[in-house]
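First comes the structure, then the notes that go with it.
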Amino acid sequence: MSTLSVEEKIRRNEENLILSVQDLHTSFFTDSGEVKAVNGVSFNLGKGKILGVVGESGSGKSVTAYSIMQILADTGRVVGGKILYKGRNLLDFSKKEMDAFRGDKCSIIFQDPMTSLNPVFTVGYQLNEALRLHTNYKTKEAATQRSIELLKMVGVNEPEKRIHQYPYEHSGGMRQRVMIAMALACEPDILIADEPTTALDVTIQAQILELMKDLQKQLGMAIILVTHDLGVIASMCDEIIVMYGGRVCERGTADDIFYNPCHEYTKGLLRSIPNVDNMKEKLVPISGTPINLLNMPKGCAFCPRCDNAMKICLEEVPPEMQMPDGHYASCWLNVKKQMEGVSADE
Amino acid sequence: MSEQNNKSEYLVEVNDLKMYFPVKTGFMKTIPLKAVDGVSFTIKPGETLGLVGESGCGKTTVGRTLLRLYKPTGGEFRFNGELVTDKNITPLRKQMQMVFQDPYSSLNPRMTVEDIIGEPLDVHKLYSNRAERREKILHLMELVGLNAEHATRYAHEFSGGQRQRIGIARALAVDPKFIVCDEPVSALDVSIQAQVINMFEELQEKLGVAYLFIAHDLLVVHHISNRIAVMYLGRIVEIADADELNDHPIHPYTLSLLSAVPVPDPRTARKSQRIILEGDVPSPLRMPSGCPFRTRCRYATEQCANECPSLTDRGGGHMVACWNK
């Protein structure tokens, strides 16, 4: 296998990629000015992988997801970058092409199952809608039959009865299952889950996460899991990107991020959550308050809250740099460390 | 001192507390919703009792009933040895306060921070002149880490973490001995959560207040609490020291609850086996007979359906309500 040429390797890597986001910029044009919600985000999603996007509110993680689906609010627009799905740029798609892509190739589960289902239609009607639009189940009978199968797959009891019920007759966990069934109706290549378990209790959260993992193995789709919960990320994801202030701080495998964090924000985040090891100690919080996107600092977005900020952090945006173990981080401290290493070698 | 007055060592003593809400099911027909059904616990001065459970298990109702925001259906609550009744609750509220979950809706948007924090001082007449009021407010703001220049601002000008600080300053204004904290950090971002948790711990060291810390995040509760009580459908199923409960849980519900918590550590997460509970929590309007957990419990026997187990001591104050474990 070592005889493969570089071109061949790149070609193979590209074949395994299902989605590649390159330097994405998304802005909202509000009365008080342009809000750069996503400010140069790049990542790759491999076939059948689970990618975790973690960050606090306002870090741009949901907007990144909505940009891929192109379901931004009216004031929002993708202003730069590329979103490549199997090598084709989604941003060049016509409205018709996008309608076919959405739901069929890529679907989304929203945070709040209480509000993302339409209260005036039965669950069965809403499931059938997706099926009749995108698949070969064109008749009502065939679609209903398939809906029942789907609900069975996501673990809803008595699906024959359930499809005739309205969303308010279901509990939170059941509604989220219905949402997942709807998202899986067309067997998409990519499933975007935007905080899928935040509104649920821990025991129900465990059920839903387990279900998503099983279905992912069964159907082989790729998942983008957007969440603020580092626990959920740790138990689910192959790769992780950490976002802050609309930019990617750090990206790498789950082990890289949790055991060898190279960005000050990731380090701070890991120190500030209670876990089994620091029960008896004081937590180390990240000082300051989350940034205001209308008033972004010139340099690194995190520098006003960073304890080790340097002069250059205020002035310039840090470049993304590869760490010795192969994952990427954007922090001037790493650049400084490397420079010191080089000068020490000399 | 307390022995002389024939007072107990406990600050808070709750005995068989019951809170039923009437629910209309038809014309002239009501049935009771048993939100809290016979809860007993104690809290010592300066101690933190964590109260965990899924939504709808009655943990918030327990907190609110203690402060008589609801009139309890049954049971008794002794504060500092004194039986709390409708008559003496107003003066007692000077010693008991509450911090609410949602810092966005628990502060009056038309009041300045100074007035929000000053309101309990007004109610209990804790100052002799305006200058003293102002001084007390500034002291409280400093205590929770707010700047003095924030005093004239309105609640909407603050971030979530800062608003929660205002809520805490308001609770501390009357110098209470006991604070009910109802999910005080769940609405906050992770990076801000740690700031607020640390502040709760520091204030306890400084002022010696006792907390009833209600939350659904077990890691947070474990971090802040001395003891933890686990609730399910209006009853406490297990109560023990925080470490003991985490290391040696006994009740099947506690076991599955602990295993369901996602640990922020990929290697542990890969190894750990989740005990997945089947189904949802039953509606409190249609409570199962006997033990409320039996419909989701894998150890359930006939006895569980017939009789409800009560809390029994399994050594060292570790109380469990289960027939089979």
Side-chain angles (χ1 to χ4, degrees), chain A residues 54-59 155 157 170-174 197 199-207 209-211 228-237 240 244 253-255 257-259 265 268-290 292 305, chain B residues 52-57 158-162 186-199 201-202 216-225 232 242-243 246-247 253 256-270 272 274-283 296:
Chain A
V54 68
E56 48 196 282
S57 35
S59 62
N157 290 329
H170 296 66
S171 65
M174 278 301 147
T197 57
L200 305 174
D201 277 313
V202 264
T203 57
I204 309 296
Q205 167 172 288
Q207 290 175 1
L209 292 180
E210 208 70 13
L211 171 74
H228 67 271
D229 188 331
L230 285 160
V232 171
I233 287 273
S235 58
M236 291 286 289
C237 299
I240 296 174
Y244 188 82
T253 63
D255 286 27
I257 301 286
F258 277 92
Y259 302 122
Y265 176 62
L269 212 53
L270 288 171
R271 274 197 302 260
S272 68
I273 46 169
N275 61 36
V276 190
D277 302 323
N278 65 5
M279 275 307 160
K280 292 281 159 282
E281 299 154 27
K282 273 263 158 67
L283 298 172
V284 187
I286 302 177
S287 54
T289 51
N292 178 358
R305 300 175 74 185
Chain B
V52 294
E54 289 173 89
S55 47
C57 74
F158 294 92
S159 65
Q162 282 173 315
S186 47
L188 306 176
D189 263 317
V190 236
S191 70
I192 304 299
Q193 259 188 22
Q195 291 178 5
V196 176
I197 293 169
N198 277 358
M199 197 175 64
E201 289 177 346
E202 278 157 23
H216 63 268
D217 187 331
L218 280 132
L219 286 168
V220 169
V221 169
H222 184 193
H223 193 271
I224 198 166
S225 306
Y232 187 80
D243 292 333
N246 254 279
D247 298 341
Y253 178 63
S256 55
L257 201 60
L258 285 172
S259 80
V261 176
V263 238
D265 181 349
R267 276 177 210 148
T268 329
R270 262 172 240 145
S272 69
R274 286 214 183 105
I275 306 167
I276 304 275
L277 282 181
E278 297 282 315
D280 287 313
V281 187
S283 158
R296 296 170 87 191

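Each chain gets a letter, A, B and so on, in the order its sequence line appears, and its residues count up from 1.
- One N or O on the side chain of B:Q195 and one on the backbone of A:G288 form a donor-acceptor pair closer than 3.5 Å.
- Contacts between B:D243 and chain A at a heavy-atom distance below 4.5 Å involve the side chain alone, from C-beta outward.
- Residue B:L219 touches chain A through both its backbone and its side chain, counting heavy-atom pairs closer than 4.5 Å.
- In this structure, the portion of B:S159 lying under 4.5 Å from any heavy atom of chain A is its side chain and not its backbone.
- Taking OG1 of A:T203 as the reference point, atom CD1 of B:I276 lies at 9.0 Å (rounded to 0.5 Å).
- Taking B:H216, B:E201, B:Q162, B:R270 one by one and counting their heavy-atom pairs under 4.5 Å with chain A, the maximum is reached by B:R270.
- In this structure, NE2 in B:H223 is found 9.0 Å from NZ in A:K282, a value given to the nearest 0.5 Å.
- The two atoms that bring B:N198 and A:P285 nearest to each other are ND2-CD, 3.3 Å, heavy atoms only.
- Looking at A:R305, the atoms closer than 4.5 Å to chain B (heavy atoms on both sides) all sit in the side chain, from C-beta outward.
- Between chain B and the options A:V284, A:N275, A:I257, A:I204, heavy-atom pairs under 4.5 Å are most frequent for A:I204.
- When each of B:A242, B:S191, B:A260 is scored by its heavy-atom pairs under 4.5 Å with chain A, the top score falls to B:S191.
- Two residues are said to be in side-chain contact when any heavy atoms from C-beta on lie closer than 4.5 Å; A:I273 and B:V190 meet this criterion.
- The minimum heavy-atom distance between B:P266 and A:A254, with the atom names listed, is CG-O, 3.9 Å.
- The residue among A:G155, A:G58, A:S171 with the most heavy atom pairs within less than 4.5 Å of chain B is A:S171.
- Heavy-atom distances place the side chain of B:D189, and not its backbone, under 4.5 Å from chain A.
- Of the two parts of A:Y259, only the side chain, counted from C-beta on, holds a non-hydrogen atom closer than 4.5 Å to a non-hydrogen atom of chain B.
- Taking A:N157, A:L209, A:I286, A:L270 one by one and counting their heavy-atom pairs under 4.5 Å with chain B, the maximum is reached by A:I286.
- Closest non-hydrogen pair, B:S55 versus A:D201, comes out as OG-OD2, 2.6 Å.
- The line from CD of A:E56 to CD of B:Q193 is 11.0 Å long, rounded to the nearest 0.5 Å.
- Interface residue A:Q207: backbone and side-chain heavy atoms are both found under 4.5 Å from chain B.
- A:S272 and B:A194 get closest at one heavy-atom pair: O-CB, 3.3 Å.
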